[in-house]
2 protein chains.
Amino acid sequence: MEKKNIRIKDIAQLAGVSIGTVDRVLHNRGKVSEEALQKVLSTLREIDYKPNLIARTLGTKKVFRIAVIIPDPAQDEYWAQAHIGIRHAAAEWDQYDVYVETHFFDLYHKESFLQLTQSAHLTKPDGIVIAPIFYHEALHFLHQCQASKIPFVIFNTNIPEIHPLSFIGQNLFDSGRVAAELMSLGQDLPGTFAVLHVNEASENSIHLLDKQRGFEHFFKVKNQPEFKTMALDITETEEAKLLKQVQGLLKDNQLKGIFVTTSKGTSTIAGILEKLGNKDLRLIGYDLLPENVEHLQAGTIDFLINQNSKHQTFLGIQHLANFLFLKKEPPARNLLPLEIITRENVNSYLGSALPQT
Amino acid sequence: MEKKNIRIKDIAQLAGVSIGTVDRVLHNRGKVSEEALQKVLSTLREIDYKPNLIARTLGTKKVFRIAVIIPDPAQDEYWAQAHIGIRHAAAEWDQYDVYVETHFFDLYHKESFLQLTQSAHLTKPDGIVIAPIFYHEALHFLHQCQASKIPFVIFNTNIPEIHPLSFIGQNLFDSGRVAAELMSLGQDLPGTFAVLHVNEASENSIHLLDKQRGFEHFFKVKNQPEFKTMALDITETEEAKLLKQVQGLLKDNQLKGIFVTTSKGTSTIAGILEKLGNKDLRLIGYDLLPENVEHLQAGTIDFLINQNSKHQTFLGIQHLANFLFLKKEPPARNLLPLEIITRENVNSYLGSALPQT
DNA sequence: GTGAAAGCGCTAACAT
DNA sequence: ATGTTAGCGCTTTCAC
């Protein structure tokens, strides 16, 4: 309680060397004689030295640049939220000379992604936070980063085989299971549930399949064959044709609910159902986008699962900045909880979007 | 990008005074002539000075002591979780000479609380984090703290009229509404729902009523008179008698579900229902206590609303320490989201109990 | 290889 | 009332 923390000065004293030498062995930089090394190491073994991270940062004048690579926020509200998280984190760090540079690519064109990663790489950032939407291109780019020793944090969609410094996201399979659970609750047998991948670029839909598989898995495990699921890719963007497609679905009078696997698609489908005056179907989708929240409150959407892209990016930068600045190892995987949002608890989520740090 | 942050030295230069003077006006300590004051204030107005909080802490050698006052963790798993959050926060801060001293009172004896607050007060802490379980005694104590200028953070149960530095908790009324929503989902009319306040000390039950009122409010608003609610205080601790009481409830064959307003009570009731072989009733309760999680996974409990006492205490200390150490004002109210936990998403919550900071 | 010393931005004690 | 200065614990530079 009264004992002050051990300082590197103390270690120097105990080991009978100068603080410069201690610093050198602590960070193994510069040259140290075998003898001095042993002396320092042995005293380090005896005491519990915890460096004062705060002081550390003062002494250094290094500035860090973090490159963030995400889809254009203007294209999609989900990514607009992600951008908010980035700006929050950036604001927190820029007074400590950790600068965040954002690079936006076109969500629907992998060439744009490819190009952007290359130009981002040329800026020689100290670290990268990236949403690796396009698998192959991302894989290639991240190998580049490994070669040039640039640490990177992945969020939203994982590429486990690349071993990022940290991955931030959700278990999408489980996410589908949660949707299925909420879908089936209190529903009468028999019934059909539709899984809709509403997505202009089928490119992205690889990870949407995880959600679908989780959804189907739930019923398999429960052994409820009277509940059927059917999946459908919807890449249609034209309003009228879309409406037709949904009307086709509704012909099945066993249809009890729809699970939409994308955040943007959620409000699209909700809008159509409202137009068709259909309020009985249970509708489950993703994310607290303003439009979705409206439909939730209107009663068209029953549940939203929150992927919290804002928080994901915030944490991504937080982890990377702490790693660069304070040498704090982040968790290899930071799986966010599968938050269930309803009409009654949505307000409690809207207020406290970002954790206080 | 290249411009370094503004330092107090820069301000001094611009205002044509010494850094000592600038420091004095920034913290209005010591004496400053009107003229110097104006010079500094006007340059401050022109530039955007953000103090380097990291450097600030280095220069000061003050040690802070935070007193935390909570029920004995040994008495109740909910408070054991709270204690975990405290230890986490304490570990983070003790290298910066912010020390946390915990004081445990007896959850069932207000005298114990009274006594403990007094002895805690005698230790002259620099700040207090408290769960004000016993309203009147807490009110009195907190007035004392105000008189002796000790800042305090309240969590778990609010006492708004005392204006704490910060309150951390949930909206209990809304929490009841969420429970009602989950309770009624997909249930056939007509039906009865029981609200059980399972609580050895009815003392604490004042705030449980908020949950009940929220629960009832939901049905009132929905205008569903075929759904009836009935509330019951259960202070019984004897296993056999308790079982009798629940059996009595079950006689009502319109009973569709039970809402338990306490975390400990949740597993108690779940245990009884399991013993009675009743799996059809919908059971909703509170918190991710190990026993509750077991019953959730077993299927007896359908939903848990997470009050996250661990996070509450963690944030409480975090806010107070940041306030003392870095002079960061915390939010006056920090309402945590009303997390809905089910069989399918519980794992995603168990992993990531505490946010990374 | 090693030690000594300057300095990071700020606070606090000391002169004036 | 105001300016100057010595640290805080660490990094970094510069002599030896």
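Chain identifiers are assigned alphabetically (A, B, ...) following the order of the sequence lines, protein sequences preceding nucleic acid strands; residue numbering begins at 1 within each chain.
Every residue two or more places apart in sequence or in another chain that forms a salt bridge (charged side-chain N to carboxylate O under 4.0 Å, His left out) with A:D10 is listed here: A:R7. Residues passing the side-chain contact (heavy atoms from CB on, under 4.5 Å) test with A:D72 are A:A74, A:Q75, A:F104, sequence neighbours excluded. Judged as a side-chain hydrogen bond (donor to acceptor under 3.5 Å, both in side chains), and not counting sequence neighbours, B:S33 has no contacts. Applying the side-chain hydrogen bond (donor to acceptor under 3.5 Å, both in side chains) test to B:H103 and every residue at least two apart in sequence or in another chain returns nothing. In this view, B:Q115 satisfies the side-chain hydrogen bond (donor to acceptor under 3.5 Å, both in side chains) rule with no residue, not counting sequence neighbours. When the side-chain contact (heavy atoms from CB on, under 4.5 Å) test is applied to A:I162, the partners found at least two apart in sequence or on another chain are A:L139, A:L142, A:H143, A:Q146, A:F152, A:I154, A:I159, A:P164. With sequence neighbours left out, the side-chain contact (heavy atoms from CB on, under 4.5 Å) criterion links B:A90 to B:V100.
Under 4.0 angstrom from either OP1 or OP2 of C:dG3 there lies at least one side-chain N or O belonging to A:T21.
In the region residues 35-47 of chain B, proximity to DNA chain D at under 4.0 angstrom, judged on heavy atoms, holds for B:A36.
The CD1 atom of A:I54 sits 12 Å away from the C1' atom of C:dC10 (whole-angstrom rounding). If you measure from atom NZ of B:K327 to atom P of C:dC10, you get 14 Å, rounded to the nearest angstrom. Protein atom CD of B:E34 is 10 Å distant from nucleotide atom P of D:dT2, rounded to whole Å.
End-to-end axis angle of the helix from C:dG1-D:dC16 to C:dT16-D:dA1, from C1' rotation axes over five pairs per end: 50° (rounded to 10 degrees).
Aromatic pair B:F64/B:W93: ring centres not closer than 6.0 Å.
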Donor-acceptor pairs under 3.5 angstrom involving side-chain atoms of residues 121-132 of chain A: please list them, not counting sequence neighbours.
residue, atom, partner, partner atom, Å
A:H121, NE2, A:S148, OG, 2.9
A:T123, OG1, A:A120, O, 2.6
A:D126, OD2, A:R65, N, 2.7

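Among pairs with a residue in residues 44-57 of chain A, those fulfilling side chain to side chain donor-acceptor pair (under 3.5 Å) read A:H27-A:R56, at least two apart in sequence or across chains.
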Exercise. Using a 4.0 Å heavy-atom cut-off, write out nucleotides 10-16 of chain D from 5' to 3' as B (base contacted by protein), S (sugar-phosphate only) or - (no contact).
Key: BSB----
